[in-house]
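Beneath this line is the structure, given in structure tokens, with notes to follow.
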Amino acid sequence: MAGNKEKTFLWGAASAAYQVEGAWQADGKGLSNWDVYTNLYRVTEPGTGRQQTGNVAINAYDRAQYLSDIQLMRELGLGGYRFSLAWSRILPEGTGRVNAAGLDHYSRFVDDLLEAGLAPMVTLFHWDMPQALEDRGGWSSRDSVGWFRDYAAIVRERLADRVESFITFNEPFIDLFLIEPMVEIARGGFGDPGAITDAQWGRQALPMHHWMLASAETIGDFRAAGYKGEVGLALPLMPTLPEREGAPEDVAAAGLADAVINRWCLDAMFKGRYPDEVMAEFSRRDPQFAAVEADFPILAANRPDFLGVNFYAPAFVRHAAEAPLDFRWGAYNPDPKPQAFNGPVKPEYLKLLLERIRDDYGNPPVYITENGAGFGDSDERFERGLVLDPLRADYISRHIEAALAARAGGVDLRGYMVWSLFDNFEWMQGYDRRFGIIHVDFETQKRTRKQSFETYREIIAKGV
Ligand code: GCO
């Protein structure tokens, strides 16, 4: 996988530890924030009507289970698999004592993937932080940068000889500015995204900086250690469109939303600084944030090897005085039904997004590290041993087509990963939102291929 153009296009699938592994207390694992959110704070209950947790999830920690899952990956024709590590398995207290069983598990999983001809792409952080570190201030503390670097170094020493591709962080904006604020609200009731306050956003600027800084420092550490593979980040990118075309306040809101949602991290990665609007808006809300400029040289010196693009939908943006930074995003969907959970189905914006990255950021190597859709149960019905999910099948093939069109136009696109191979635990929505191209019966763990699996298999077989 490591960055050169002769390598074959990587067809993959993506997942995250908390969403699939289960085994929340196995082999010396420590508690993570998500174990606490779901078991203690019951954050899925207001939205789904039931307490749902990742305690069992889709049983992917279990070796017999994952070996048969790997068979399905082979049948699909995948070249690689993107997954994340649970930090709390490796360092149960977040720092200090290493839990050998946790590290061994991931090392064996990497071997099992390689044995099956699948390239592992390892995400170091996909939202589950050791609770012991949350208790010490979590990402608000500048110490988090050091905690993360130490954890990353332990992983590197064990896995870097076999893993050619690492992702430091997954989707900074979504976790810090949507999910975490929703969790906070859900502890007292329904985790309504519309209830997120300006003050909550104001508190998240420093954590965002700590993610960017930890990522840059870690990239530097990998290089200093002689790592030969590639290290990148996976960003949630969404073209921001004014909700009411021609309304100047919506046009301005969409511009600011673009700075916060897209350019903040893109500029950090490829320009070594943050957009002026971000500096101005967040320094006003948190005077400490103004000082982060002192760290920009560290960002600039550690440019990532690639960009991971997580694309689901563009975001329509409206000026809204009651919303954080006076803009509301993602609440409006102009399309007729059916609509995907993550927004309107508009593959043409994936092509535009990739072209923009090519033109504004020096055409870096790009992987689509997530793309997929959940349409609700009405899109899924069993028929003769298969689950028919025509909307997802159509979504995936049209997005791949758009991505390959951008590639034909010179975008340095190296691969595509579907979100997700299996139905799994969808954060605040628990198991009520299916995204898999393979259906999972959450009671029995039985896997059943969907129509979208066949569609993706045919696309892979045809090649680029
Ligand atoms: C991510 C995503 C995944 C979700 C997917 C579907 O940020 O990487 O949130 O974890 O399951 O986006 O909503």
Side-chain angles (χ1 to χ4, degrees), residues 12-22 32-34 37-38 43-44 47-48 52-54 57-58 60 81-86 121-129 166-183 191 193 204 208 211 215 232-238 261-262 265 307-315 329-330 333 339-345 350 353 367-376 379-380 389 391-392 395-396 399 416-438 440 442 452:
S15 68
Y18 191 73
Q19 299 183 269
V20 300
E21 284 183 350
S32 77
N33 56 343
W34 273 91
Y37 295 166
T38 57
V43 298
T44 53
T48 69
Q52 302 190 39
T53 72
I58 62 164
Y81 182 61
R82 173 179 175 227
F83 61 99
S84 80
L85 311 183
M121 184 181 259
V122 173
T123 308
L124 292 169
F125 189 78
H126 197 130
W127 307 357
D128 49 337
M129 180 180 237
F166 282 94
I167 290 172
T168 53
F169 287 88
N170 178 73
E171 295 200 1
F173 173 77
I174 296 291
D175 191 37
L176 293 170
F177 290 82
L178 179 63
I179 302 285
E180 289 291 335
M182 276 167 76
V183 165
Q204 293 299 69
M208 173 67 118
W211 283 35
S215 178
L233 283 90
L235 304 184
L237 296 175
M238 46 192 119
I261 298 174
N262 300 313
C265 293
L307 168 67
V309 172
N310 293 359
F311 179 86
Y312 290 88
W329 66 279
N333 188 335
Q339 300 170 353
F341 170 57
N342 280 331
V345 180
L350 174 56
L353 170 68
Y367 292 94
I368 293 174
T369 36
E370 285 180 28
N371 174 245
F375 289 96
D379 182 47
E380 315 226 348
D389 61 342
L391 295 177
R392 182 178 297 104
Y395 178 100
I396 289 172
H399 282 78
Y416 171 92
M417 274 151 258
V418 71
W419 184 276
S420 188
L421 192 55
F422 298 106
D423 294 334
N424 61 43
F425 177 85
E426 177 60 22
W427 309 112
M428 305 302 286
Q429 286 72 30
Y431 298 97
D432 289 9
R433 274 294 164 178
R434 295 178 179 275
F435 275 82
I437 61 170
I438 298 171
V440 177
F442 298 119
S452 52

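Atoms within each ligand, like the ligands themselves, are counted from 1 in listed order. Residue numbers count from 1 along this sequence.
Using a 4.5 Å heavy-atom threshold, the side chains of Thr123 and Arg82 count as touching.
Which of Trp419, Phe173, Trp127 comes nearest to atom 3 (C) of ligand 1 through a heavy atom is settled by distance: it is Trp419. Closest heavy-atom approach to atom 10 (O) of ligand 1 within the set Glu370, Gln19, Met428, Arg82: this belongs to Gln19.
The contact set between ligand 1 and Phe435, taken as ligand atoms under 4.0 Å from a residue heavy atom, comprises 6 (C), 13 (O). Listed by number with element, the atoms of ligand 1 under 4.0 Å from a non-hydrogen atom of Asn170 are 1 (C), 7 (O), 8 (O). Heavy-atom contacts of Asn310 reach the following atoms of ligand 1: 8 (O) (cutoff under 4.0 Å).
Polar contact check, Tyr312 against ligand 1: a nitrogen or oxygen pair lies under 3.5 Å apart.
Classification of the Tyr431-Phe442 ring pair by plane angle, with boundaries at 30° and 60°, yields tilted. Between Trp127 and Trp427, the ring planes lie tilted relative to each other; the angle falls in the 30° to 60° range. Ring pair Phe173/Phe177 is parallel by interplanar angle, where below 30° counts as parallel and above 60° as perpendicular.
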Inset, instruction - In sequence, state the C-alpha distance, the side-chain angles, and the governing distance for Ser84 and Tyr18, and then conclude on side-chain hydrogen bond (donor to acceptor under 3.5 Å, both in side chains). - result: CA-CA 8 Å; Ser84 80; Tyr18 191 73; over 6 Å; no
Inset, instruction - Before giving the answer on side-chain hydrogen bond (donor to acceptor under 3.5 Å, both in side chains), spell out for Asp175 and Asn170 the whole-Å C-alpha distance, their side-chain angles and the decisive distance to 0.1 Å. - result: CA-CA 8 Å; Asp175 191 37; Asn170 178 73; over 6 Å; no
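The shortest contact between atom 11 (O) of ligand 1 and any protein heavy atom is with Glu426 OE1, 2.5 Å. Annotation: atom 7 (O) of ligand 1 to nearest protein heavy atom, Glu171 OE1, 2.4 Å.
Using a 4.0 Å cutoff on heavy atoms, Arg433 does not count as a contact of ligand 1. At a 4.0 Å cut-off, at least one heavy atom of Asn342 sits close enough to ligand 1 to count as contact.
Asn371 pairs in a side chain to side chain donor-acceptor pair (under 3.5 Å) with only one of the listed residues (Trp419, Tyr416, Tyr312), which is Tyr416.
In terms of modelled atom types and a separation under 3.5 Å, the side chain of Asn33 and the main chain of Met129 share a donor-acceptor contact.
Residue-level proximity to ligand 1 for Asn424 is absent, since no heavy atom of it falls below 4.0 angstrom.
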